[in-house]
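Ligands are counted one by one from 1 in listed order, and the atoms in each one are counted from 1 as well.
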Amino acid sequence: RKRGLTSALSNQRDGGMDRDTIIRLLYSLGSKHEVERYLRIFTQSSQAGATGAVLPEAKFAVLKIGGAILTNELDDLALSLSFLNRLGLYPIVLHGAGPQLNEILEAEGVVPDYEDGIRITDAKTLAVARRVFLQENLKLTTALERLGTRARPIPTGVFTAEYLNKEKYGLVGKITSVNKAPIEAAIRAGCLPILTSLAENAEGQILNVNADIAAGELARVLEPMKIVYLNEKGGLFHGVTGKKISTINLDEEYDALMKESWVKFGTKLKIREIKELLDTLPRTSSVAIISTDMLQKELFTDAGAGTLIRRGYKLYK
Ligand code: ARG
């Protein structure tokens with residue numbers, strides 16, 4: 001079931017794949033012209049000329065990885081990330097661990113509980129969450145290092161938060177600030193930064209934060225070209241036709257989209273959050289929702305492979 005690109009990379013293991021070899025592999029995805037164009041765009045975003053407040057290499061992409069991917073597609077994920085890194089890019093990875101956490105909680109007799117899509121987090125749940133986050137984080141960094149890609153676990157120390165609503169949700173945080181220093185230090189040392197969404201408050205109490213929201217807060221600070229949500233479905237699907245939505249141009253389509261009868265609950269919330277995020281970012285930033293095995297195609301071709309969400313038509317200069 002493995003696509004050509006990933007298997008070619010996995011055959012090489014460490015060292016074997018240089019930048020030129022990878023670029024040649026990319027040509028199998030689209031025309032040489034478009035691949036080179038996106039390569040240039042993403043590499044430039046990672047070089048001087050950027051605003052200066054953020055290390056240029058940190059401005060390529062924030063990648064949010066759902067917990068299920070770490071269980072079901074760990075090797076493909078590590079290959080994809082290695083591949084980007086061999087191109088000279090430093091995606092900033094933030095992962096969840098929801099399914100793993102639920103499994104352990106249930107085995108220990110705790111029933112996972114949600115309110116408005118937010119996990120009610122008591123002391124016991126947080127203790128297990130910290131353990132599981134660390135374990136999943138090490139799993140990914142280890143898989144990357146095995147491929148010769150340096151990676152640095154950053155399980156805490158980035159997000160400061162206050163209680164979202166202690167009475168209602170327990171030990172859940174609302175992010176108040178983002179410390180990008182550990183991320184930039186990792187990149188300067190040549191490592192991919194691998195983050196969890198755990199935060200802490202002014203008293204040093206660890207608080208649980210939804211990983212999608214944490215990825216958004218990270219993007220507000222770093223202002224990356226791409227915010228990528230990796231999911232197993234590989235995009236956003238139209239509720240009536242069942243077809244994958246290729247592009248959403250928010251300027252033109254947002255109001256009508258939010259009125260569609262099939263856009264409700266989680267989907268509505270997600271689209272609204274993405275719009276609010278993109279409204280605060282440069283117009284050149286965009287969101288991609290894509291599966292692990294299609295990530296390269298999404299990034300390096302015009303047509304992409306998943307769902308692209310942007311403010312308007314003018315994406316790149
Ligand atoms: N490769 C370009 C990018 O990463 C375009 C992707 C288009 N994707 C789509 N699903 N329509 O921004």
Exercise. Could you walk me through whether Val287 and Lys226 pass the side-chain contact (heavy atoms from CB on, under 4.5 Å) check?
Worked result: CA-CA 6 Å; Val287 168; Lys226 302 294 304 187; over 6 Å; no

Seminar exercise, completed: Which of Leu299, Ile41, Thr43 passes side-chain contact (heavy atoms from CB on, under 4.5 Å) with Phe60? Answer is Leu299

Seminar exercise, completed: To atom 1 (N) of ligand 1, the nearest of Ile245, Thr301, Val228, Ile289 on a heavy-atom basis is Thr301

For this session: Could you verify whether a donor N or O on one side chain and an acceptor N or O on the other, from Asp116 and Tyr169, lie under 3.5 Å apart?
Result: yes

Exercise. Hey, which atoms in ligand 1 end up nearer than 4.0 Å to a heavy atom of Leu308?
Worked result: 7 (C), 8 (N), 9 (C), 10 (N), 11 (N)

Exercise. What atoms in ligand 1 come closer than 4.0 Å to a heavy atom of Gly306?
Worked result: 10 (N)

For this session: Check if Ala303 has a non-hydrogen atom at a distance under 4.0 Å from any atom of ligand 1.
Result: yes

Problem set entry | Listed partners of Ala97 passing side-chain contact (heavy atoms from CB on, under 4.5 Å), at least two apart | Gln100, Val132, Phe133, Glu136

For this session: State whether the shortest distance between N or O atoms of Ser286 and N or O atoms of ligand 1 falls below 3.5 angstrom.
Result: no

For this session: Indicate whether the side chain of Asp302 and that of Tyr38 have a donor and an acceptor atom separated by less than 3.5 Å.
Result: yes

Exercise. Atoms of ligand 1 less than 4.0 Å from Phe42 heavy atoms?
Worked result: 4 (O)

Exercise. Does Lys226 reach ligand 1, in the sense of a heavy atom lying below 4.0 Å from it?
Worked result: yes

Problem set entry | Numbered atoms of ligand 1 (with element) below 4.0 Å of Asp302, judged on heavy atoms | 5 (C), 6 (C), 7 (C)

Exercise. Closest approach of Ser285 and Pro224, non-hydrogen atoms and distance?
Worked result: OG-O, 2.7 Å

Exercise. What part of Ala288, side chain from CB on, backbone N/CA/C/O, both or neither, has a heavy atom under 4.0 Å from ligand 1?
Worked result: neither

Problem set entry | For Thr247, atoms of ligand 1 separated by under 4.0 Å from a heavy atom | 11 (N)

Problem set entry | Partners meeting side-chain contact (heavy atoms from CB on, under 4.5 Å) with Glu106 (sequence neighbours left out) | Asn102, Pro112

